[in-house]
Amino acid sequence: MALKFANRADAGAATSGHWPTYRGMNMTTFAPTAQQQAFLDALTGTTSNLALLARAGCGKTATILMGVDAIAKQQPQAEILVCAFNKAIASEVEGKLKAAGHTDWRTVQTSTLHALGFNLVKFAFKSAVDGKKVRNLIRQAGIKNSGFDTYASQIASLVGYAKGAGFGFFADKQIGDAAAWYALADHFDVGGYDSDTSDMDQIISYSQVIYRASLDQTDIVDFDDMILFPLVKNLRVRFGKDIVFVDEAQDLSPARQALIRKFVKFDGGRMIVVGDDRQAIYGFSGADAEALPNMIASLNATVLPLSVTWRCPAAVVRAAQAYVPDIMAADGADEGAVVYNGHLPEDIGAGDAILCRNTAPLIDMAYRLIRNGHAAKVEGRSIGDGLKALVNRWKVADTATLLIRLDGYADREIQKAMAKDNEAKAEEVADRVETMRHIIAAVNAGGSNRTADVIGHIDSLFADDAANAIILATYHRSKGREWNRVYLFEHATRCPSKAAKQAWQKGQEANLAYVAITRAKKMLTFI
């Protein structure tokens with residue numbers, strides 16, 4: 001869906017001649033850019049819902065904070081909510097708002113959507129949190145019917161996607177509607193054990209049972225329930241907000257989109273959605289691939305651009321424009337550099353990043369760097385946790401046996417995936433297993449054949465926000481980050497992924513390329 005702007009205010013540089021930062025100072029110290037001013041004028045001069053289409057590195061967080069200042073000054077009694085995508089961002093924004101004098105939570109509040117939802121659920125049901133709730137329900141059902149155990153992985157995945165999609169809340173996504181479940185399974189490539197459709201029939205039937213059981217169990221909730229329960233249980237938000245800012249709106253699932261609207265005051269409340277439709281890359285995990293356009297349409301929001309990047313130099317911006325033509329370099333931006341068919345320099349070090357579409361090549365690269373005396377870390381503790389779960393899957397003690405198990409696992413899972421024409425799943429399994437082979441080889445080279453040492457090695461290799469090291473990250477993990485020098489490894493052969501078959505998957509691959517390119521603050525090199 002093409003987004004149409006209310007205006008194309010001159011994108012130009014800040015009238016003060018430099019980037020308007022926000023470091024707890026009075027924002028009037030810095031003059032807003034023409035685009036920021038257009039947004040502030042619409043915010044304070046109209047009563048419309050607004051959408052700020054903020055391209056990579058264009059200062060969306062600073063603009064949100066400017067907006068809070070402007071509304072608080074114009075309407076001191078207005079109740080404002082800033083909804084951040086995760087806890088770390090919420091804490092950062094809250095700190096900046098407090099430093100700017102917004103210390104009364106009754107008028108200016110910062111939260112994640114999960115926290116808002118859980119507060120409603122906890123008040124209504126006194127619920128405890130258990131992230132393994134669905135798995136436990138499947139295990140309990142498997143005691144009486146082994147079919148639940150046979151399809152446990154597919155059931156868990158499909159139930160999770162159904163919660164994100166808001167099954168049981170939206171009229172076209174009812175729990176008993178098998179066609180809706182088939183459409184969901186097809187969209188997310190949730191397949192059976194072979195090409196026989198009877199497998200999918202069973203998976204959907206079992207998923208419906210587990211879904212209903214999960215809705216009935218209110219004393220325990222998982223993270224999906226924090227979003228879903230306020231909707232399907234019709235939990236009341238007692239005090240809606242006058243202004244709700246929603247950051248990273250492009251990454252919201254349908255259920256999240258519905259939940260945030262509950263927090264807008266019914267009479268006269270406004271929603272300000274902020275995001276970049278071209279940074280929508282989490283469709284595989286349940287996000288609505290068209291979340292931002294869908295919210296703009298449903299809110300009848302006026303769209304305003306924020307398209308001047310203050311992060312990327314001119315050369316990098318030109319590379320990004322191949323994917324997103326409207327992103328622009330700031331007036332006076334450094335030229336920077338983009339190098340094709342390049343290589344890693346001898347002086348690579350902390351502050352530099354190597355990015356790749358897949359994980360396995362990064363592992364091999366990390367070991368090469370470490371052998372050459374460089375400190376290197378692979379970004380993504382969650383990736384490490386997934387690999388450790390794979391090691392512990394068979395409870396074996398030595399790496400030789402582990403490799404045998406991995407080979408069998410890869411053959412079996414890839415055959416299943418390909419039988420369902422699910423190349424994306426096959427690629428994911430192959431990447432995970434190849435990553436494990438690299439790690440096991442490194443452990444063996446260090447003189448150990450113990451799986452316990454494989455676990456320890458994974459812990460030492462993977463980290464989040466590592467310091468004093470070269471960072472290696474997948475394109476997905478790089479989102480929201482920036483580095484002076486960025487090296488894209490095997491970009492031409494891996495992005496777009498050959499497994500991207502559906503239109504929405506191909507679109508997200510293009511978005512991934514845009515995200516990766518725009519991480520560079522000075523130099524971008526394709527290696």
Side-chain angles (χ1 to χ4, degrees), residues 121 127-229 231-233 253-255 283-287 386 389-390 392-394 409 412-422 424-426 428-429 432 502:
V121 173
S127 306
V129 179
D130 185 350
K132 297 180 179 179
K133 173 182 176 179
V134 169
R135 289 283 185 178
N136 290 337
L137 289 171
I138 294 170
R139 191 176 301 112
Q140 293 166 15
I143 295 173
K144 295 182 179 180
N145 184 340
S146 62
F148 285 91
D149 291 331
T150 302
Y151 300 110
S153 178
Q154 290 93 334
I155 296 168
S157 294
L158 195 54
V159 168
Y161 289 133
K163 288 185 177 184
F167 272 57
F169 175 73
F170 295 108
D172 61 340
K173 297 172 183 174
Q174 292 304 302
I175 302 171
D177 184 356
W181 285 87
Y182 270 104
L184 187 74
D186 181 63
H187 180 81
F188 290 110
D189 295 322
V190 179
Y193 270 53
D194 54 44
S195 57
D196 190 338
T197 56
S198 63
D199 285 309
M200 207 62 235
D201 292 339
Q202 289 296 322
I203 291 168
I204 288 174
S205 176
Y206 294 148
S207 296
Q208 290 169 321
V209 171
I210 297 300
Y211 196 89
R212 289 190 172 97
S214 181
L215 290 185
D216 290 340
Q217 187 177 29
T218 58
D219 60 325
I220 296 174
V221 296
D222 59 21
F223 294 103
D224 292 326
D225 292 336
M226 296 176 189
I227 305 297
L228 180 67
F229 272 26
L231 302 176
V232 296
K233 306 294 184 182
S253 67
F284 71 92
S285 66
L390 191 58
N392 292 325
R393 182 186 182 99
W394 300 284
Y409 167 81
R412 184 172 63 253
E413 295 300 318
I414 290 173
Q415 284 183 18
K416 288 182 202 174
M418 296 307 294
K420 298 296 291 184
D421 197 27
N422 188 345
K425 180 65 175 179
E428 176 191 336
V429 171
R432 187 185 305 124
Q502 301 185 58

Interatomic spacing from CG in Asp199 to OG1 in Thr150 - rounded to 0.5 Å: 9.5 Å
Flag side-chain contact, heavy atom, 4.5 Å: His187 against Leu184: no
Minimum heavy-atom distance between Ser253 and Gly286, given as atom pair plus value: CB-O, 3.5 Å
Check: Ser127 side chain, Thr218 main-chain N or O, donor-acceptor pair, under 3.5 Å: yes
Phe170 atom CZ: more than 12 heavy-atom contacts under 6.0 Å: yes
Nearest atoms (heavy-atom pairs only) where Ile204 meets Ala178: CD1-O, 4.4 Å
Non-hydrogen atoms of Arg139 and Asp149 that approach each other most closely: CA-OD1, 4.5 Å
Distance in Å, Leu215 CG paired with Leu228 CG, rounded so as to fall on 0.5 Å steps: 6.0 Å
Pairwise distance CZ(Arg135) to CG(Asp130) - rounded to 0.5 angstrom: 13.0 Å
Minimum side-chain heavy-atom gap Phe188-Leu158 below 4.5 Å: no
Contact list for residues 160-183, test salt bridge (Lys or Arg N to Asp or Glu O under 4.0 Å), sequence neighbours left out: Lys163-Asp222, Lys163-Asp225
Donor-acceptor pair, side chain of Ser157 and main chain of Ser153, under 3.5 angstrom: yes
Heavy-atom pair of closest approach, residues Ser207 and Trp181: CB-CZ3, 3.7 Å
Approximate separation, where rounding is to 0.5 Å, of Phe167 CZ and Arg212 CZ: 11.5 Å
Rounded distance (nearest 0.5 Å) linking atom CD1 of Ile220 with atom CG of Asn136: 7.5 Å
Distance-minimising heavy-atom pair for Phe229 and Lys133: CZ-NZ, 3.8 Å
Over all atoms of both residues, closest heavy-atom pair of Gln217 and Leu137: OE1-CD2, 3.7 Å
Polar side-chain atom of Tyr161 near backbone of Val190 as donor-acceptor pair, under 3.5 Å: no
Separation between CD1 of Ile138 and CG of Asn145, rounded to the nearest 0.5 Å: 12.5 Å
